[in-house]
Structure formats: C-alpha cells, structure tokens
Amino acid sequence: MSPDQLQVKAPSGTRDVLPPESSRWQALIARFATAANNAGYGMIQGPMFEDIEVFQRVGEATDVVRKEMYVFEDRGGRTLALRPEGTAGVVRAFVQHRPTTPWKVWYAAPNFRYERPQAGRYRQHHQLGIEAIGTDDPDIDVEVISIAHDLYRSVGLTRVSLLLNSLGDSVCRPTYDQALKDHLEARREDLCDEHRERAMDNPLRVLDCKKKACRDATRDAPRIVDHLCEECKAHFERVQEGLSALDIDFIIESRLVRGLDYYTRTTFEFQASEIDAAQSAIGGGGRYDKLAESLGGPATPGIGFGSGIERVLLAADGEGVFPAPEDRIDVFVVDTTGGTAARDITSELRRAGRRADRAFDGRSMKAQMKAADKSGARTVVIVGEDEVAAGEVTVRDLTTKEQRRIPRSALVEELSQ
Ligand SMILES: [Zn+2]
Ligand SMILES: [Zn+2]
C-alpha cells in the first residue's frame with residue numbers, strides 16, 4: 001500500500017476547522033454566548049446522541065427523521081441517534097429535570113444529518129441556538145427573534161430578511177389543514193412525484209416543497225394567517241407589534257412551515273441574500289407548544305431558534321464583514337542560551353496574564369527572530385549569553401525598533417503594565 005492509501009481522512013461531508021479560520025468561529029460563538037447571557041439564558045451542554053425515540057416522537061413524518069438521521073445500536077443493544085437538530089434534546093432535558101420556568105438556555109453544538117454532501121452543506125454542521133420553555137407570552141417570541149436579529153446585525157450582516165408566519169394551534173390548524181387538503185386534492189395531478197402520493201399525510205409539507213410543480217400548484221393556496229382563531233391571531237399580532245417596536249423588519253410568508261412537524265403558532269426564518277437560494281436560510285425557529293407533552297412531560301409551551309455557524313460565516317463572507325480577529329500574541333521570547341530562560345519567562349508572563357510564546361528545538365537566533373515576526377508580537381525579549389551573565393534581558397519593540405536592557409527581575413512587572 002502506498003502511504004497515500006494509508007492516510008486516513010475526515011469522513012465525507014465533514015471538515016476540519018483549523019486556525020486561523022477557527023478564530024472566527026470562536027469569536028462568533030463568544031458573541032452569541034454574551035448576547036444570550038445578557039438576556040438571561042444559561043448554557044446547556046447535553047448529549048450529542050439520544051434514544052432514537054426522542055427524535056421519532058417529535059418528527060416521524062419529517063425527512064430529517066425518516067431519511068437523514070444517523071442511527072446506531074450501541075454495545076448494550078440500545079438504539080440511539082446522533083442529534084439531527086437541537087430542540088428535541090433540550091426539551092427532553094426539560095422534561096427530565098423539570099426546572100422552574102421560564103427556562104431559558106443556549107447552546108453551541110453540532111447536528112448530524114446524512115445528506116448528499118454539497119457546498120455549504122455538511123453531515124456535521126454546527127448550530128448556535130436558544131430555547132425558552134414554559135411561557136406562551138408572545139413577548140418571548142419577540143425576545144427570541146430579536147436575539148437572532150441583533151446577533152446578525154452585530155456581525156455586520158445587513159442583507160438579511162426575516163420571514164414570519166403563524167402555523168396556528170390545535171383549535172384553528174385542523175380547519176386550515178382541511179382547506180389546504182381540499183385545495184391540493186383538486187390539484188393532485190399537478191403536484192411533484194413525491195407529493196402526488198403523500199400530500200395528504202402532511203399537506204403543510206407541500207407548501208415547503210421546492211419543486212416547481214408544487215410551487216405552482218400552491219401559488220393561490222389558502223393562507224394559514226387567514227384561518228387563525230382569535231387567540232392565535234392576537235398572539236401573532238402582538239409578535240408583529242413587538243418586532244415593529246424594536247425596529248425589526250419582517251415579511252409575512254405564508255409558505256414558511258419549516259422542516260419539522262412540531263411547530264405551532266410563530267415560525268420564522270432569516271434568509272441572507274448573499275448565499276444561493278437553496279441554502280439562504282441562516283437561522284430560524286418557532287414555537288413548539290406541544291413538544292414537551294409528546295416527550296412525556298406536562299403540557300408546556302416553548303420557543304427557540306437555531307442558526308448554522310457555517311451559514312452565518314458564509315453570509316458574512318458574501319458581505320465582506322466579520323473578518324477573522326487577529327490572534328496575535330503580546331511577547332515573543334528569543335533565547336539563544338538553551339531554552340531555560342524562554343521556558344521560565346513565557347510561563348511567568350502567561351501567569352501575569354500576557355500572551356507569550358517562544359520557539360523550540362534550540363533554533364538559531366535568526367530563525368527565532370523570524371518566528372517572532374510571524375507571531376505578530378510587538379515586543380521581543382532577547383536572552384543571549386551576555387544578558388544571562390549580566391542578569392539582564394534585552395527588550396525590543398518590533399514596531400519602533402527601539403531596544404533596551406533591563407534587569408531580568410524587573411521584566412515581568414515591566415511587561416505587565
Ligand atoms: Zn412537492
Ligand atoms: Zn388558533
């Protein structure tokens with residue numbers, strides 16, 4: 001076997017995010033975490049796999065659960081699935097632990113879907129999300145949407161539109177489903193291959209279908225927003241009023257049903273015009289007032305949103321915003337006396353809170369100075385035989401090229417100012 005054949009690669013549809021690209025990820029996650037913390041959301045760190053039932057109970061009819069899940073049996077014979085989306089596991093945790101409500105949590109975690117790999121779509125993709133469980137106050141819908149909106153704005157995205165819809169509840173949705181079924185039944189022959197057979201199982205899915213046949217056939221389909229009951233209507237109006245009050249523009253899109261079955265009332269999606277239509281959604285979510293019940297908990301309303309890190313960064317690239325932050329270090333220690341001084345000084349500087357680095361392997365002065373330059377450090381501490389003999393170090397400012405000798409014992413304090 002040639003060495004090439006022996007080389008192990010990342011599985012198809014996955015990728016490594018390495019420095020310096022990963023510093024953008026880190027910055028985005030940090031920004032999101034701060035925004036969520038500032039709004040009273042605490043971090044949840046849950047398992048990446050769950051009993052398969054957690055996902056089956058919430059979305060048996062969805063493609064995500066039927067066709068795209070990574071399912072496996074563990075050594076104890078349990079059937080588990082890697083999480084295909086973020087919400088179900090969080091609601092499972094809520095049902096299991098019964099925290100006081102409203103329970104507000106955020107996460108940054110991978111999701112797994114067995115999809116055909118293509119540009120911008122990964123089998124392991126990463127999501128930033130929040131969930132607010134235990135209140136059906138429409139103002140929390142506004143809060144959740146505004147956190148996403150403000151995150152995109154703080155990243156610098158300007159060409160993002162917010163689509164908004166209400167899917168009604170168990171009072172008004174059946175009437176609407178029937179109206180939609182009647183509409184689709186009359187046009188059954190015009191639907192795409194898949195939906196000609198399956199439209200009646202889940203008529204809402206047809207609204208979401210990207211095939212031209214289905215889009216044409218649903219152009220004048222009844223709109224859910226015209227079928228809302230009084231309570232859903234009042235809820236939806238309060239959400240719109242709140243978004244307007246916070247200067248958040250939105251478009252009502254009656255086709256917006258999202259890919260999962262558990263949504264009720266408010267659903268929303270943020271689309272970036274900078275990335276192609278098939279994957280322009282950079283985030284979205286909605287209300288799931290029946291989800292806790294379907295996982296065996298007490299009836300508890302909830303709402304959340306998730307946003308793909310890869311998609312947000314793709315949109316940022318499209319708009320030329322959110323560059324990678326410069327991960328420069330502060331001080332580089334060049335030691336030509338064997339490395340002991342470099343070992344000790346970098347450690348002391350780091351303990352004093354400075355970012356310090358050094359070269360290894362006893363490299364030449366020239367090679368170490370080159371490494372210092374590359375590191376982006378502004379200050380270089382040079383330790384040669386002369387300095388060691390005098391109990392001093394040379395401190396050079398790489399910007400001004402000025403240098404001076406100071407006592408070794410004064411170094412850390414001086415560089416910590
Ligand atoms: Zn279709
Ligand atoms: Zn209703």
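Sequential numbering from 1 along the given sequence is applied to the chain's residues. Each ligand, and each atom within it, is numbered from 1 in the order the structure gives.
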As a test of understanding, state which of Asp289, Asp141, Ile145 forms a side chain to side chain contact (heavy atoms under 4.5 Å, CB included) with Ile303.
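Of the listed residues Asp289, Asp141, Ile145, the side chain to side chain contact (heavy atoms under 4.5 Å, CB included) partner of Ile303 is Asp141.
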Do Arg123 and Tyr114 meet the cation-pi criteria used here (NZ or CZ under 6.0 Å from the six-membered ring centre, within 45° of the axis)?
yes
Row for the Zn ion (ligand 2): angle SG (Cys229) to OD1 (Asp169), 10° precision, value 120°
Hey, what's the angle at the Zn ion (ligand 2) spanning SG (Cys232) and SG (Cys172), nearest 10 degrees?
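Nearest ten degrees: 110°.
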To check your reading of the site, what angle at the Zn ion (ligand 1) do SG of Cys192 and SG of Cys214 form, to 10°?
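Output for this angle: 100°, rounded to tens.
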As a test of reading the structure, name the N/O/S atom of His195 that is nearest the Zn ion (ligand 1).
ND1
Closer than 3.5 angstrom, by distance alone: can the side chain of Glu50 be matched with the main-chain N or O of Phe55 as a donor-acceptor pair?
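Checked: no pair found.
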On the 0 to 90° scale, with breaks at 30° and 60°, tag the Phe270-Tyr152 ring pair as parallel, tilted or perpendicular.
perpendicular
